[in-house]
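Inspection log for the structure reproduced underneath, given as C-alpha cells.
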Amino acid sequence: MSSRQPYLNARLQGFGTTIFTEMTGLAIEHNALNLGQGFPDFDGPESVKEAAIEAIRAGNNQYCRMAGLPPLAQAIAAHQARFYGLRYDPLSEITVYSGATEAIFATLQALCEVGDEIVLFEPYYDSYRASVSMAGATPRMVTLRPPEFTYDPADLEAAITPKTRAILLNTPHNPSGKVFSRAELEHIAALAREHDILVISDEVYEHLVYEGEHLPISSLPGMRERTIQISSSGKTFSFTGWKVGWTCAPPAISAAIRCAHQFITFCTATPFQHAIAHALGLGDDFYGELVADYGRRRDRLCTGLARAGFEVLTPAGTYFALTDIRPLGYDDDVEFCRMLPARVGVAAIPPSVFYEGRHEGRHLVRWAFCKSDPVLDGAVERLQKLRPAAS
Ligand code: PMP
Ligand code: GLN
C-alpha cells in the first residue's frame with residue numbers, strides 16, 4: 001500500500017501505481033530481460049496484422065456500433081459454438097470493449113449497487129480489486145493456497161452473504177496458472193444457483209491450457225443465464241496492445257453492461273475489431289500450434305528456473321509460472337523483485353500484491369514465459385548469479 005495521495009478519492013486511496021508499471025519501469029531503467037508484465041515479445045499472425053492494415057486502408061476509421069462491430073460479434077458467437085458448443089446471439093448477447101479490463105470494469109459498474117459484495121479469489125488480477133472499489137462495492141476474499149491453489153469450500157460458502165452480487169472467477173488463473181477443475185466449478189455453480197447470484201468469469205487464457213481442459217462455467221446446468229463470460233484477443237492472438245475484449249451474457253445482463261460501456265469508451269478501435277473478426281476464424285492448426293508452442297516455452301522456462309535453484313510450481317495454464325524463492329534464501333517477493341533488475345538484469349512480478357494479506361504470497365515470484373527463446377534462456381543464465389557462492 002502506498003502513502004495517501006492528496007487529490008485521490010477514498011475509493012482509490014492505497015492502490016498506488018500498478019506493479020506492472022513499476023516492474024516494466026525497472027526493466028527499462030536497468031535494461032533487464034522482462035519476464036514481469038505479461039505481454040509477448042513477438043507479434044501474432046501476419047494475416048491478422050494485414051487485416052488491421054487493410055481495414056484502415058479501406059476507410060474503417062470512424063466510430064462503429066457501440067456494442068461491437070457486427071462481423072466481430074458474429075465471429076465471437078461462432079468461436080463460442082466451435083470450442084464450447086455454446087450458442088450466443090451476436091446482437092443481443094455479445095458486447096465488445098477496449099480489452100477485458102474494460103469489460104470487467106463496465107460489468108461491475110453496471111451490476112453493483114453501492115454496498116454490494118463481490119467474492120474474489122486471491123491472488124487476483126489487480127484490476128479486479130480496484131474495479132470493485134470504483135463501483136462502490138466491497139470485496140470478500142477467498143484464498144487459493146499453494147501448491148495446487150485450491151480453496152477451502154467452507155471459505156467460499158462463508159464469503160457469500162445476503163449482500164453478495166457476484167462471484168468473480170478467473171480460470172485459467174493469473175498469477176498461479178491454475179485451471180479450475182470441473183468439481184470446483186460445479187461447487188461454485190451450485191452456490192451461485194442456490195443463492196441466486198451472478199458469476200463474472202474471466203477466461204482470457206482460455207486457449208492456454210497444458211493440462212486438463214478449459215471448461216466455461218456458463219456451460220454447466222443453470223449457469224448460462226447467470227454468467228458473464230469475459231475474454232480478450234490479447235492473449236490468444238498476441239496483440240495485447242490492441243485491447244479488444246468481449247463479454248457473452250444473456251440479453252438483459254448485456255443491456256445493463258452496455259449502459260455502462262456506452263459512457264466509458266462507447267466503442268473500441270474499429271480497424272482492430274475487423275482484424276480480430278478475421279483472427280477468431282483461423283483454423284484449428286493456429287489454435288493447436290499456439291498451445292503447443294506455449295507448452296514448449298513453459299517447459300523451457302520451468303526447467304531453467306529449477307536449474308537456477310528455485311522450486312517451480314509448474315502451471316497447468318496461462319503464460320505465467322510461479323516459483324518459491326526460499327530455496328535461494330529469499331523470503332520477501334517485493335524486495336526480491338525490486339532488487340532483481342539492477343542486480344542480475346531480469347524483471348519479474350511479486351504476487352503478494354495480489355493478496356489482501358501480503359504474507360500469503362511473499363515467498364512466491366511470478367515469471368512470464370510469453371517471451372522468445374533467447375530472452376527465456378538469457379534470463380535463466382542471469383539468474384544463476386543468485387546461487388549462494390559456496391554451493
Ligand atoms: N484478466 C486477466 C486474468 C489478465 O491477466 C489480464 C491481462 N493480462 C486481463 C484480464 C486484461 O486483459 P486485456 O489486456 O484484454 O484488458
Ligand atoms: N495482465 C498482465 C499481467 O498479468 C498485465 C496487464 C497490465 O499491465 N495491466 O502481466
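Remember, it's 1-based here, ligands and their atoms both numbered in the order they're listed. Quick caveat: nothing in here was measured; it's all calculated off a predicted structure.
- Remark: ligand 1 and Asn170 share no N or O pair separated by less than 3.5 Å (distance only, no angle test).
- Interface atoms of ligand 1 facing Asn174, defined by a heavy-atom separation under 4.0 Å, are 3 (C), 4 (C), 5 (O).
- At a 4.0 Å cut-off, at least one heavy atom of Phe320 sits close enough to ligand 2 to count as contact.
- Counting only heavy atoms of the protein, atom 8 (N) of ligand 1 lies nearest to Lys235 NZ, 2.1 Å.
- Residue-level proximity to ligand 1 for His173 is absent, since no heavy atom of it falls below 4.0 angstrom.
- Among protein heavy atoms, the minimum distance from atom 14 (O) of ligand 1 is reached at Lys243 NZ, 3.4 Å.
- With a 6.0 Å radius and a threshold of 12 heavy atoms from other residues, nucleotides or ligands, Tyr63 has its OH atom at or below the threshold.
- When hydrogens are left out, the protein atom nearest atom 7 (C) of ligand 2 is Phe20 CD1, 3.6 Å; that is the closest non-hydrogen contact.
- Only side-chain heavy atoms of Tyr125 come within less than 4.0 Å of ligand 2; its backbone N, CA, C and O stay farther off.
- The nearest heavy-atom contact from the protein to atom 13 (P) of ligand 1 is Ala100 N, 3.4 Å.
- Using modelled atom types, one finds a donor on one side chain and an acceptor on the other under 3.5 Å when comparing Ser352 with Asp333.
- Here Arg366 has side-chain heavy atoms under 4.0 Å from ligand 2, and that is the only part of it that gets that close.
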Would you sort out whether Thr24 and Gln37 count as a side chain to side chain donor-acceptor pair (under 3.5 Å), showing the intermediate values? CA-CA 7 Å; Thr24 289; Gln37 195 175 17; 2.7 Å; yes
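- Not a single donor-acceptor pair under 3.5 Å links the side chain of Thr227 to the backbone N or O of Arg224.
- The ring of Phe369 has its center no closer than 6.0 angstrom to the ring center of Tyr319.
- At least one N/O-N/O distance between Ser232 and ligand 1 falls below 3.5 Å.
- Among the atoms of Tyr128, none of the N or O lies under 3.5 angstrom from an N or O of ligand 1.
- Residue-ligand proximity: Asn174 is placed with a non-hydrogen atom under 4.0 Å from ligand 2.
- Regarding atom 8 (O) of ligand 2, its nearest protein heavy-atom neighbour is Gln37 NE2, 2.7 Å.
- Looking only at atom types and distance, the side chain of Tyr355 has no donor-acceptor partner in the side chain of Thr143 under 3.5 Å away.
- In the vicinity of Tyr205, heavy-atom distances shorter than 4.0 Å reach the ligand 1 atoms 3 (C), 4 (C), 5 (O), 8 (N).
- Side-chain contact annotation: Glu206 with Ser231, donor-acceptor N/O pair under 3.5 Å present.
- Under the 3.5 Å distance criterion, with hydrogens and angles disregarded, no donor-acceptor pair is assigned to the side chains of Glu148 and Thr150.
- Aromatic rings from Phe320 and Tyr205 are positioned such that their centres are separated by under 6.0 Å.
- The distance criterion of under 3.5 Å between nitrogen or oxygen atoms is met by Thr101 with respect to ligand 1.
- In this structure, Lys371 is positioned above the aromatic face of Phe39, its NZ or CZ under 6.0 Å from the six-membered ring centre and within 45° of the axis.
- For CZ of Arg82, the number of neighbouring non-hydrogen atoms (other residues, nucleotides, ligands) closer than 6.0 Å is greater than 12.
- When Val204, Ile230, Asp202 are ranked by how near their heavy atoms come to atom 1 (N) of ligand 1, first place goes to Asp202.
- The closest protein non-hydrogen atom to atom 9 (C) of ligand 1 is Tyr125 CE2, 3.5 Å.
- Contact annotation: for Glu102 versus ligand 1, there are no heavy atoms closer than 4.0 Å.
- Judged purely by distance below 3.5 Å, without hydrogens or angles, the side chains of Tyr124 and Glu356 pair a donor atom with an acceptor atom.
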